[in-house]
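Below you'll find the structure, written out as structure tokens, and then a few comments.
The chain is numbered in sequence order, starting from 1. Just so it is clear, the values below take in all heavy atoms, side chains as well, and ignore hydrogens, waters and symmetry mates.
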Amino acid sequence: MNPSYYQSQINKLEKEISEFQKKIADESKKENDKNKQIDSVNKSINKNTSISTLQSKERQIQGYQNDIFNCKKKIADYQKGTYIRHSPTKCVS
């Protein structure tokens, strides 16, 4: 194989890694935003909050927590994809 082939493979892999890193950063931002929303909902709860409103806020928080779980799962998948695709033991085809 000639050097230009290897250079193009390196460029391709670097681009893939960059794309994974961007996806991870995007998901981390989403996760951070959901945590801020949970904090906001928690701060809005006070001793005068009615039971029905409290239950509604708990469901809202649960939804945000589910979103955070999904973000963490995507991040793990992206990290795993980066590792699997760029493992030193894997041959480039």
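Atoms CD and CD, on Glu16 and Gln21 in that order, are 12.0 Å from each other to the nearest 0.5 Å. The CZ atom of Arg59 sits 10.0 Å away from the CG atom of Leu54 when rounded to the nearest 0.5 Å.
Annotation for Cys71 and Glu27: closest pair SG-OE1, 3.4 Å, computed over non-hydrogen atoms. Heavy-atom minimum distance, Tyr78 versus Phe20: O-CD2, 3.6 Å.
Residue Ile51 is found outside any hydrophobic cluster, as its side-chain heavy atoms come under 4.5 Å of no other Ile, Leu, Val, Met, Phe, Trp or Tyr.
Gln65 is linked by a side-chain hydrogen bond (donor to acceptor under 3.5 Å, both in side chains) to nothing, counting only residues two or more places apart in sequence or in another chain. Evaluation of the side-chain hydrogen bond (donor to acceptor under 3.5 Å, both in side chains) rule for Asp26 yields Lys22 as partners, not counting sequence neighbours. Taking the side-chain hydrogen bond (donor to acceptor under 3.5 Å, both in side chains) definition, one finds that Lys73 meets it with nothing, sequence neighbours left out. Residues forming a side-chain contact (heavy atoms from CB on, under 4.5 Å) with Gln37 (at least two apart in sequence, or on another chain): Lys34, Tyr64.
In this structure, Lys74 and Lys23 have side chains that are not in contact, with every pair of non-hydrogen atoms separated by 4.5 Å or more. Side-chain contact between Asn32 and Ser28: absent, with no pair of heavy atoms (C-beta onward) separated by less than 4.5 Å.
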Which donor-acceptor pairs under 3.5 Å do side chains of residues 39-48 form with protein atoms, sequence neighbours excluded?
residue, atom, partner, partner atom, Å
Asn42, ND2, Ile38, O, 3.4
Ser44, OG, Val41, O, 2.6
Ser44, OG, Lys57, NZ, 2.9
Asn46, OD1, Asn48, N, 2.7
Asn46, OD1, Thr49, N, 3.2
Asn46, OD1, Thr49, OG1, 3.4

